[in-house]
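One structure is given here, and the rest of the page talks about it.
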Amino acid sequence: MAYWLMKTEPDECSIDDLANAAPAAVIWEGVRNYQARNFMRQMQVGDEVLIYHSSCKMIGVAGTAKVVKAAYSDPTQFDSQSSYFDAKSKKENPRWDAVDVKFVQKFKQLLPLDAIKAMPALQELALVKKGNRLSVMPVSEAEWRAILGAAGI
DNA sequence: GCCAACGTTGGC
DNA sequence: GCCAACGTTGGC
């Protein structure tokens with residue numbers, strides 16, 4: 001049982017989109033970074049995920065979800081119509097993986113990035129390290145608790 | 001829209 | 001295997 005943070009642009013897949021899909025899960029696809037992919041491959045069913053909204057008006061952690069299907073071949077890499085298409089990925093050895101995640105909760109108030117940066121307990125979070133561009137990253141149990149505590153949960 | 005920081009690519 | 005050029009990310 002582990003904790004993670006995943007970034008999403010709310011235009012693509014917001015916490016509300018996850019909530020609207022519930023109780024169905026959502027395919028977390030389109031990750032095209034090897035480090036992020038490797039973290040996804042470590043995810044196990046039941047792991048919990050912070051949903052982080054990036055590149056938008058209200059930047060921060062918006063809620064949580066949980067992994068309901070471990071990593072499998074991301075179908076969009078073979079779809080030439082998809083913006084995630086990767087011509088160099090081979091069917092017999094796919095480069096990219098997806099996981100399925102299911103909505104758990106939306107925070108009453110989004111926990112903003114500047115609040116996260118100000119919390120002593122979160123100084124080691126990859127998210128707040130300078131220049132960090134990882135879209136999937138591990139979160140320690142202490143960090144998880146600090147974030148949920150700050151969100152009033 | 002800007003731009004710093006980073007990851008990836010490809011020539012050598 | 002180096003590294004310059006390029007493309008992308010993502011906060012501001």
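The basis for the numbers below is simple: all heavy atoms, side chains too, and nothing from hydrogens, waters or symmetry mates. In the text below, chain A, chain B and the rest are named by the order of the sequence lines, each starting its count at 1.
- Atom CG of A:L134 is separated from atom C1' of C:dG10 by 13 Å (rounded to the nearest Å).
- When the side-chain nitrogen and oxygen atoms of A:Y34 are compared with OP1 and OP2 of B:dC6, none of them lie within a distance under 4.0 Å.
- A straight line from CG of A:D11 to P of C:dT9 spans 14 Å, rounded to a whole angstrom.
- Residue contacts shown for A:K117 are limited to sugar-phosphate atoms, with no base heavy atom under 4.0 Å away.
- For the pair A:K7 and C:dG10, the criterion of a side-chain N or O lying under 4.0 Å from OP1 or OP2 is met.
- Closest-nucleotide positions on DNA chain B for A:R32 and A:K130 were compared, and the one nearer the 5' end corresponds to A:K130.
- Aromatic ring centroids of A:Y72 and A:W96 lie 6.0 Å or more apart.
- The residue from A:V67, A:V139, A:V136 that alone fulfils the side chain to side chain contact (heavy atoms under 4.5 Å, CB included) condition with A:V49 is A:V67.
- In this structure, A:R37 places its CZ atom 14 Å from C1' of B:dG7, rounding to the nearest Å.
- Between A:K129 and the phosphate of C:dG10, there is no side-chain N or O to OP1/OP2 separation shorter than 4.0 Å.
- A straight line from CG of A:D86 to C1' of B:dT8 spans 12 Å, rounded to a whole angstrom.
- Between the CG atom of A:L127 and the P atom of C:dG10 there is a distance of 9 Å, rounded to whole Å.
- Straight-line distance from the CZ atom of A:R133 to the P atom of B:dA5: 12 Å, rounded to whole Å.
- Distance A:N132 CG to C:dG11 C1': 13 Å, rounded to the nearest Å.
- For the residue pair A:T76/A:D74, the side-chain donor-acceptor check at 3.5 Å is satisfied.
- Here A:K57 lies out of heavy-atom contact (under 4.0 Å) with every strand.
- Between A:D86 and A:R32 there is no salt bridge, since no side-chain N of the basic residue sits under 4.0 Å from a carboxylate O of the acidic one.
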